[in-house]
Amino acid sequence: MPHKMRAVYPGSFDPITLGHLDIITRLSPMYDEFIVLIANSPEKSYLFSAQERVELVKKSVKNFKNVKVDIFDGLTVDYAKSKKADVIIRGLRAVSDFEYEFAMANMNKTLNPEVETLIVFTHPEYSHIASRMVKEVAFYNGELKGLVPQVVVEALKNRIIKKGKKA
Ligand code: ADP
C-alpha cells in the first residue's frame with residue numbers, strides 16, 4: 001500500500017479561530033490525512049477543556065473529510081511518529097511569532113529528524129487574530145463575528161456568562 005501523506009497541525013486551539021480554519025482549509029487538501037492536534041498541557045490553563053476544544057474544532061471542520069481531531073499531552077514529534085506523520089504544520093502571523101516557531105522547529109528537528117516542520121504564512125485577512133485576543137474581545141462583549149466560527153461565538157458567550165465574566 002502506498003504511504004499516506006499525513007500532516008499534524010498542533011496547537012492550543014483555545015478556541016479555534018478563523019485564522020486556524022484558514023490554515024486547515026488551505027493545507028488539508030495537500031495531504032491524505034490532516035490531524036488537528038489539541039495540546040493538553042498540564043502546565044497551561046485553558047478557557048475550554050480539551051474535550052470542549054475538540055468538539056469546537058470537530059464542528060468547525062465537519063465538511064472536511066480528511067481532517068481528524070485528536071488530543072495529546074506529550075511532544076508533537078512523538079505523536080507524529082506514532083501516527084507515521086510526515087509534516088508538522090504551524091502558522092506564522094507576524095515577525096513576533098518567528099523566534100518561537102524557529103526554536104520549536106529546530107528542537108523538533110533535533111528530536112526527530114524524520115519529521116519536517118512546514119511554516120505557513122497566515123492569510124492577511126486573519127493575521128490579527130489570536131485565540132488570546134478573541135477571549136479578551138468576548139470578555140468585553142465585543143463583536144466576535146469575523147474572528148471565530150459561529151459555534152465558537154456561541155460557546156464563548158455561554159462560557160463567559162457562566163464564569164461570571166472571569167475569562
Ligand atoms: P499554540 O499555543 O501552540 O501557539 P495556538 O492555538 O495559538 O497554539 O496556535 C496553533 C497554530 O496556529 C500556531 O502555529 C499558530 O501560529 C497558528 N495560528 C494561530 N492563529 C493564527 C491565525 N490567525 N492565522 C494562522 N495561523 C494561526
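Order of appearance sets the numbers: ligands from 1, and atoms from 1 within every ligand.
- Counting heavy atoms from C-beta on, the side chains of F102 and I119 never come closer than 4.5 Å.
- Residues D78 and N112 have side chains not in contact (no heavy-atom distance under 4.5 Å, counting atoms from C-beta outward).
- Protein residues having at least one heavy atom under 4.0 Å from any atom of ligand 1 are Y9, P10, G11, S12, F13, G19, H20, I23, K44, R90, G91, R93, E101, T122, Y126, I129, listed by chain and number.
- Listed for the S131 side chain is a donor-acceptor partner under 3.5 Å among the backbone atoms of P15.
- The list of salt bridge (Lys or Arg N to Asp or Glu O under 4.0 Å) pairs with a residue in residues 23-36, not counting sequence neighbours, reads R6-E33, D22-R26, E33-K68.
- In this structure the side chain of I71 reaches within 4.5 angstrom of the side chain of Q51, judged on heavy atoms.
- For E114, the CD atom counts as loosely surrounded, since its 6.0 Å shell holds 12 or fewer non-hydrogen atoms of other residues, nucleotides or ligands.
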